[in-house]
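These notes concern the structure reproduced below.
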Amino acid sequence: MNRRTLLNGLAATGAALLAGCSSSGGDGEDPGTDETTEPGSSQSPTLQDTEFVVDDRTSGGERDEATVRFEESRVVVEGVIWGSDGCKTATLLGSDYDRESNTQTVTVGTTDREGTEDQACTEAIVEIEYTATATFEGGLPDRVVVEHDHGNEPVQVTEAEL
């Protein structure tokens with residue numbers, strides 16, 4: 001009889017201990033291992049796609065300009081970068097999104113236009129207008145930095161905040 005009383009008591013104690021473990025987080029989850037509770041992890045946008053288009057090339061001066069526009073799910077950068085001769089065109093060197101700082105960095109450079117390797121090019125400076133579009137899911141970055149790279153180190157042209 002003592003043995004049955006002991007076993008019943010152990011069973012009840014074990015059940016109580018198990019019930020306590022399953023409710024330690026209040027909602028059945030252990031807050032120490034739930035990655036979605038980390039600041040910004042579930043609210044940070046995700047870069048889905050990037051598009052780059054050269055809109056126009058004209059003779060001009062050494063202009064480096066850019067504007068940033070925040071739309072519903074896109075960041076649109078419209079800019080002008082200068083090329084050293086008539087064979088240059090603009091190219092997207094990078095469109096990088098840093099989750100930690102919630103910053104997108106768009107880097108535009110110049111390169112020789114395709115098919116101009118064996119052609120004589122005007123030695124006049126050209127202004128190259130471009131549009132870079134980045135599509136995001138889950139929001140937009142808080143900050144966008146636009147850089148132009150003429151073959152040395154990238155130089156910041158503009159910065160915009162949401």
Side-chain angles (χ1 to χ4, degrees), residues 17-117 121 125-162:
L17 288 174
L18 288 175
C21 289
S22 66
S23 64
S24 64
D27 59 1
E29 296 182 23
D30 180 3
T33 60
D34 183 8
E35 292 184 25
T36 62
T37 60
E38 291 181 23
S41 66
S42 64
Q43 286 88 15
S44 292
T46 303
L47 180 61
Q48 296 294 305
D49 189 34
T50 303
E51 183 179 316
F52 185 83
V53 177
V54 172
D55 299 315
D56 196 18
R57 296 176 57 257
T58 58
S59 295
E62 293 183 4
R63 278 182 52 202
D64 279 310
E65 299 172 3
T67 60
V68 177
R69 190 172 68 243
F70 295 93
E71 295 182 352
E72 188 174 314
S73 63
R74 302 181 325 159
V75 172
V76 179
V77 176
E78 295 177 318
V80 177
I81 187 171
W82 63 272
S84 60
D85 60 51
C87 287
K88 297 295 183 198
T89 190
T91 187
L92 182 64
L93 298 176
S95 179
D96 303 311
Y97 173 65
D98 179 31
R99 277 181 94 94
E100 188 173 310
S101 66
N102 201 11
T103 300
Q104 179 194 17
T105 303
V106 177
T107 306
V108 177
T110 58
T111 188
D112 287 333
R113 289 183 297 143
E114 194 172 306
T116 60
E117 298 84 20
C121 298
I125 293 174
V126 292
E127 293 178 1
I128 308 158
E129 295 178 19
Y130 66 86
T131 303
T133 305
T135 304
F136 287 86
E137 185 176 285
L140 293 172
D142 290 336
R143 183 172 169 250
V144 176
V145 174
V146 180
E147 301 174 331
H148 285 176
D149 188 345
H150 293 282
N152 301 327
E153 284 190 28
V155 175
Q156 183 173 319
V157 177
T158 194
E159 174 181 333
E161 293 189 14
L162 181 63

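All values below were derived from every heavy atom in this structure, side-chain atoms included, with hydrogens, water molecules and symmetry-related copies excluded. Start at 1 with the first residue, then count along the sequence.
- Residues L47 and A134 approach most closely at CD1-CB, 3.7 Å, considering heavy atoms.
- Closest of all the heavy-atom pairs between Y130 and A66 is OH-CB, 4.0 Å.
- Pairs engaging residues 52-63 under the salt bridge (charged side-chain N to carboxylate O under 4.0 Å, His left out) rule: R63-E65, R63-E127 [sequence neighbours left out].
- Between atom CG of residue D98 and atom CZ of residue R143 there is a gap of 10.0 Å, rounded to the nearest 0.5 Å.
- V54 approaches A90 most closely through the heavy-atom pair CG2-O, 3.6 Å.
- For the pair V155 and D64, the minimum side-chain heavy-atom distance is 4.5 Å or more.
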Next on the checklist: side chain to side chain contact (heavy atoms under 4.5 Å, CB included), that's the test. Do Y97 and N102 meet it? Break it down for me.
Outcome noted: CA-CA 7 Å; Y97 173 65; N102 201 11; 2.5 Å; yes
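- Taking CG of L93 as the start and OG1 of T105 as the end, the distance is 12.5 Å to the nearest 0.5 Å.
- Taking OG1 of T135 as the reference point, atom CZ of R74 lies at 6.0 Å (rounded to 0.5 Å).
- Scanning all heavy atoms of the two residues, the minimum distance from P45 to R99 falls at O-NH1, 3.7 Å.
- Closest approach of F52 to A132, counting heavy atoms only: CD1-CB, 3.9 Å.
- A donor-acceptor pair shorter than 3.5 Å cannot be found between the side chains of E137 and T46.
- By the 4.5 Å heavy-atom criterion applied to side chains, V106 and L92 are counted as neighbours.
- Within the model, atoms CD1 of I81 and CD of E147 stand 11.0 Å from one another, a figure rounded to the nearest 0.5 Å.
- Between the NZ atom of K88 and the OG1 atom of T111 there is a distance of 6.5 Å, given to the nearest 0.5 Å.
- Between the side chains of W82 and H148, not a single donor N or O lies within less than 3.5 Å of an accepting N or O.
- Side-chain contact between V75 and V68: present, with at least one pair of heavy atoms (C-beta onward) separated by less than 4.5 Å.
- Shortest non-hydrogen contact noted between C121 and D85 is CB-OD1, 4.0 Å.
- Here the CG atom belonging to D142 is positioned 9.0 Å from the CG atom belonging to L140, to the nearest 0.5 angstrom.
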